[in-house]
Amino acid sequence: MHSLTDALGSPLHVVVPDQIAENLERFRSVYRRHHLSGQVYYAHKANRSSALLRRLAATDAGVDVASLGELQHALGAGFTADRITATGPKNPEFLWLAALTGVTVGVDGVAELDQIAALVRKHALAPVRVLLRLSGFETSGVKVLSRRSRFGTPVRELERLLEAVERHGDAVELTGVAYHLDTTSVAEKATALEGSLAALEACRSRGLRPRAVDVGGGFGVSYLAEREQWEEYTSALTAAVLGRRPPLTWGGHGYGLRGESGTLRGALGLYPAHRSVAGAAYLDELLAQPAASLGGRPLAALLLEHLYDLHSEPGRALLDQCGLTLAKVLEVRSQEGGGALLVRLAAKADDIALEDHGVLMDPVVVPRSAAGPGEGPVAVHLFGGLCLETDLITRRTVFLPRRPVPGDLLAFANTAGYAMDFHATRAQHQPAARKVAAWQDGDAWRWCLDDQFWPITPSGGAQ
Ligand SMILES: *Cc1c(COP(=O)(O)O)cnc(C)c1O
């Protein structure tokens, strides 16, 4: 790790392409257990890596692209159009390349259907396959369970959407419906899936022939192995916010919590670092949920009964343990009067954007030289290299097993999902982190630059 950062600079992202193939296999096994067909589309936006994308292209997975650049990247990595879906806000160039190449488009609303139809007619393209992205699902009762989304069409406006599909029957082919909810709640997602099944019925009753439901992403990652660790930390943070113990954060930051004359207010705005059910297991749990309005039968059974394909779009979950970020320690400074050490890293907060996603994990110290006589655990605050008070890698006080020294590396684990390049800038002319791909070759690890990786020998990966 030290020779890598000596050569390529700090910070440095390391991605592990073979891990994404293993994670895909876990999703596939859930499909098999429920006898469901359909595609797993990797949500590309979670990481820009070419190596991860090219490794995935060598499997049977699909990819979900959300920009022109991502679509070009996917096509260039070897994904054929039948393995690509295009979602999210689209500019005309993105829509054009998607329509021209025959990618399935997840459409947001009537206006987008109109746009696609106009393109198809004007340029005499083949009809474009579309999934209708829906939102605003409700249970059979009055309580609205699924949160509002600025994407998709509220399900109560489905009629209007289907009228547009029929009006554009020469230019679009309806293949199904889709949703993506940014929530950890299984109940909310089950409501959406149930609502989607009802929407498919509505399509069929009009003589349309949809065959798939796309349940989006949001299956999540469990970052911490032990639940107790997480509970202990959040209780201690609560106590600190209430002034019952010394602060655990820079400036007494409460991550959404605050104390008002001894009473706790606000809500904890952190990613639940320990999740007993995440990733493929979360999909499994979703599929086992009973559909209240459809006889209480499991959602998986209903999908199977109608022979619907189940599509999913995991981003973060497919990237679980697919990479880490290394940052070199530049300076270690004691504060006057004691307190946590100030540790400055050769990195910006946006290069290691765990904090942006509310993910709290301690980095691992990788000493430059064999550790001297350890002075025991130390509390530190981790700063980035920008001339900005807010450039903290994390606002949390971090406890390291020993005092780091300049030249040591801090290794941040599990950063491939959204923490590597989603937020990265070139502020102050500081370079964005480079990325390397690493793989195991027998007992040895080998590596190359991310954009040099292809899943063939001698570069490794799928052989
Ligand atoms: C971001 C996104 C995903 C992936 O979400 P994760 O939480 O990373 O699994 C999937 N589908 C759509 C439409 C998205 O916008």
Side-chain angles (χ1 to χ4, degrees), residues 19-20 23-24 26-27 30 38-49 52-53 56 61-67 69-71 74 83-90 94-95 98 103-109 112 130-137 146-153 176-186 188-189 192-193 196 212-223 271-273 275 277-286 310-323 353-354 356-359 414-423:
Q19 184 64 44
I20 201 169
N23 295 349
L24 169 70
R26 291 190 193 139
F27 273 86
V30 171
Q39 184 57 286
V40 179
Y41 295 94
Y42 161 54
H44 186 358
K45 75 165 186 276
N47 197 305
R48 297 168 53 136
S49 165
L52 293 170
L53 194 67
L56 209 59
V63 60
D64 166 50
V65 296
S67 71
E70 286 184 4
L71 174 54
R83 294 168 64 193
I84 303 176
T85 55
T87 59
K90 301 171 199 74
F94 181 25
L95 211 49
V103 159
T104 296
V105 178
V107 297
D108 234 33
E112 206 166 278
V130 296
L131 287 164
L132 305 178
R133 180 160 173 182
L134 303 176
S135 63
F137 297 96
S146 95
R147 69 197 57 206
R148 284 183 57 172
S149 169
R150 92 184 160 87
F151 300 112
T153 301
V177 300
Y179 67 85
H180 168 72
L181 296 179
D182 191 12
T183 171
T184 57
S185 159
V186 176
E188 261 183 70
K189 289 197 175 150
L193 182 45
S196 298
V213 50
D214 185 329
V215 298
F219 304 100
V221 160
S222 185
Y223 287 93
Y271 192 88
R275 296 184 59 176
V277 180
Y282 185 104
L283 176 63
D284 199 26
E285 179 162 302
L286 172 64
L310 173 75
H311 298 328
S312 56
E313 301 168 352
R316 187 189 298 271
L318 272 187
L319 292 172
D320 191 14
Q321 298 294 357
C322 284
L354 295 166
D356 275 303
H357 289 258
V359 175
N414 216 354
T415 52
Y418 297 102
M420 285 185 175
D421 50 41
F422 196 85
H423 304 269

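Residue numbers count from 1 along this sequence. In listed order, ligands and their atoms are each counted from 1.
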Subject >> Qualifying residue, where the test is side-chain contact (heavy atoms from CB on, under 4.5 Å) with Tyr42 and the options are Leu319, Asn23, Val65 >> reply: Leu319
Original post:
Are the side chains of Arg48 and Phe422 in touch, meaning some heavy atoms are under 4.5 Å apart?
Top reply: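 Of all side-chain heavy-atom pairs linking Phe422 with Arg48, none is under 4.5 Å.
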Subject >> Any Lys90 side-chain heavy atom under 4.5 Å of Val105 side chain >> reply: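 A side-chain contact under 4.5 Å exists here.
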Original post:
What are the two closest heavy atoms between Ala61 and Leu56, and how far apart are they?
Top reply: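 Looks like CB-CG, 3.9 Å.
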Original post:
Which residues satisfy the salt bridge (charged side-chain N to carboxylate O under 4.0 Å, His left out) test with Asp108, sequence neighbours excluded?
Top reply: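 So Asp108 forms no salt bridge (charged side-chain N to carboxylate O under 4.0 Å, His left out) with any residue.
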Subject >> Test item: His311 side-chain N/O and Gln39 main-chain N/O as donor-acceptor pair under 3.5 Å >> reply: yes
Original post:
Protein residues near ligand 1, heavy-atom distance below 4.0 Å?
Top reply: Ala43, Lys45, Asp64, Thr87, Arg133, His180, Gly217, Gly218, Glu313, Pro314, Gly315, Arg316, Tyr418
